[in-house]
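Worksheet for the structure shown next.
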Amino acid sequence: QQGSSNQKCPPDPFVAMPDSIVIDSQNLKIQENPEEVPTGEIARTYSLVADRHNVTRCVPGDRVRVTGIMLTNDMKTDNLSKGYLYVTGFQKIKQRSFISYTEKEEETFKKMAADPKIFEKIYKSIAPGIFGNEEIKKAIACMLFGGTRKHLPDNTTLRGDINVLLIGDPSTAKSQFLKFVEQTAAIAVYTSGKGSSAAGLTASITKDNSTGEFQIEGGALVLADGGIVCIDEFDKMKPADRVAIHEAMEQQTISVAKAGITTRLNSRTSVLAAANPIKGRYDDMKQVSEQIEFQLSLIHI
């Protein structure tokens with residue numbers, strides 16, 4: 001037509017038809033559970049595409065069981081077709097609901113609960129290879145079991161999770177306690193304060209290469225929702241990154257307002273952190289507050 005009529009094509013020749021059908025669609029990314037990732041390996045991820053009633057069925061940090069169809073799109077990168085999973089159904093996995101007990105195990109738990117020395121037996125079984133440190137083992141035992149979350153009549157919630165901060169000299173088995181908790185807890189994420197940023201602990205905003213839209217990815221505190229986050233070298237964190245976890249520890253939520261995305265994620269986790277004193281060695285002649293360089297607002301959480 002351009003050659004016959006000598007008219008150039010308009011900049012936008014496409015016209016929206018009023019009787020077209022539009023459906024909701026959502027691109028997601030699923031990641032394997034952090035506690036199941038072998039040491040030294042990166043958690044594997046896979047792309048999901050959900051539409052219609054499956055849209056907005058889950059948020060970052062949720063643990064889900066997905067049913068879908070393996071498909072590949074026509075866009076090829078490096079001579080390889082990019083695969084994805086077309087979602088036909090979501091099933092949310094509640095916190096710790098994937099752990100099932102037999103009737104014999106439940107009877108054993110009831111007998112253990114009736115034992116008056118059960119607390120002593122529990123804390124002595126925590127890191128049995130480490131001698132002494134009974135007070136630390138008691139604190140970790142209480143943190144692993146947690147408290148009771150309370151919902152008040154005015155719709156406010158009091159957290160039941162316990163946060164523990166271990167401060168002591170180097171080579172006093174602080175990291176061994178953190179490693180033991182990571183392997184014992186049902187949901188646990190281990191990280192180091194020196195190699196973690198605020199976005200890595202809370203949430204980050206990334207841009208999807210295929211659609212160009214911004215999307216949110218949960219950090220360690222979001223992935224460990226309902227479990228425990230172990231942070232080693234807590235004193236080596238940058239002050240700006242340390243401030244980012246205030247809300248996650250106190251309100252147990254993470255508020256995000258970046259790149260036009262305003263949302264709130266759950267981080268109902270207990271934080272077990274280990275740090276060294278200010279000058280590297282603990283001084284018995286000084287008060288505890290003089291040994292720690294953290295903000296009081298963080299210590300009182």
Side-chain angles (χ1 to χ4, degrees), residues 34-35 37-43 126-127 129-130 133 135-137 139-140 143-144 161-185 187-205 217-225 227-256 258 265 267 269-301:
E35 64 270 9
V37 179
T39 305
E41 294 188 10
I42 301 175
I126 292 178
I130 301 175
N133 296 317
E135 297 298 329
I136 295 177
K137 293 182 179 181
I140 292 177
M143 183 198 65
L144 286 171
D161 298 302
I162 303 171
N163 300 320
V164 177
L165 174 62
L166 304 179
I167 294 183
D169 296 347
S171 301
T172 52
K174 298 189 300 296
S175 298
Q176 295 298 325
F177 280 117
L178 268 64
K179 286 289 186 181
F180 177 85
V181 172
E182 181 204 8
Q183 297 173 2
T184 304
I187 301 174
V189 176
Y190 182 92
T191 182
S192 176
K194 185 66 176 176
S196 301
S197 62
L201 289 174
T202 56
S204 60
I205 303 294
E217 292 189 5
L221 289 165
V222 177
L223 295 176
D225 184 26
I228 296 174
V229 174
C230 303
I231 305 177
D232 202 0
E233 304 294 342
F234 195 60
D235 57 317
K236 306 297 190 300
M237 291 179 63
K238 297 179 181 178
D241 298 337
R242 203 182 300 147
V243 169
I245 66 175
H246 273 221
E247 181 190 359
M249 294 177 62
E250 184 177 4
Q251 305 296 333
Q252 294 197 322
T253 57
I254 295 174
S255 301
V256 178
K258 298 179 182 177
L265 306 176
S267 62
T269 63
S270 297
V271 177
L272 175 61
N276 295 326
I278 292 179
K279 296 183 179 180
R281 295 288 181 181
Y282 195 86
D283 191 355
D284 295 332
M285 302 301 293
K286 295 182 180 180
Q287 297 181 0
V288 178
S289 59
E290 299 177 6
Q291 308 280 337
I292 308 171
E293 57 180 350
F294 302 143
Q295 297 179 358
L296 291 178
S297 58
L298 189 65
I299 297 297
H300 291 163
I301 297 178

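The analysis underlying the following values was restricted to heavy atoms, covering all of them including side chains, and did not include hydrogens, waters or symmetry mates.
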| message | Could you work out, with side-chain hydrogen bond (donor to acceptor under 3.5 Å, both in side chains) as the rule, every residue matching Thr253, not counting sequence neighbours? | response | Glu247
| query | Below 4.5 Å, heavy atoms only, C-beta onward: do Asn133 and Phe177 meet side chain to side chain? | reply | yes
| message | Nearest 0.5 angstrom please: Thr202 OG1 to His246 NE2, how far? | response | 13.0 Å
| query | Any donor-acceptor pair under 3.5 Å linking the side chain of Lys174 with the backbone of Asn276? | reply | no
| request: Would you indicate whether the side-chain heavy atoms of Val189 and Thr269 approach each other to under 4.5 Å? | output: no
Under 3.5 Å, which donor-acceptor pairs link side chains of residues 228-240 to any protein atom two or more places apart or in another chain?
{"residue": "Asp232", "atom": "OD2", "partner": "Ser175", "partner atom": "OG", "Å": "2.6"}
{"residue": "Asp232", "atom": "OD2", "partner": "Tyr190", "partner atom": "OH", "Å": "3.0"}
{"residue": "Glu233", "atom": "OE1", "partner": "Lys236", "partner atom": "NZ", "Å": "3.1"}

| query | Roughly how far, to the nearest 0.5 Å, is the CD atom of Gln252 from the CG atom of Asp161? | reply | 4.5 Å
| request: Could you give me the CA-CA distance, side-chain angles and deciding distance for Ile126 and Thr184, then say whether side chain to side chain contact (heavy atoms under 4.5 Å, CB included) is met? | output: CA-CA 9 Å; Ile126 292 178; Thr184 304; over 6 Å; no
| message | Could you check whether any side-chain heavy atom of Leu221 comes within less than 4.5 Å of a side-chain heavy atom of Leu265, counting everything from C-beta outward? | response | no
| task | Looking only at non-hydrogen atoms, find the nearest pair between Leu144 and Ala185 and report the distance. | result | CD2-CB, 4.3 Å
| message | Rounded at 0.5 Å granularity, tell me how far CG in Leu166 sits from CG in Leu178. | response | 6.5 Å
| note | Scanning both residues in full, the closest heavy-atom pair of Met143 with Ile162 reads CG-O, 3.2 Å
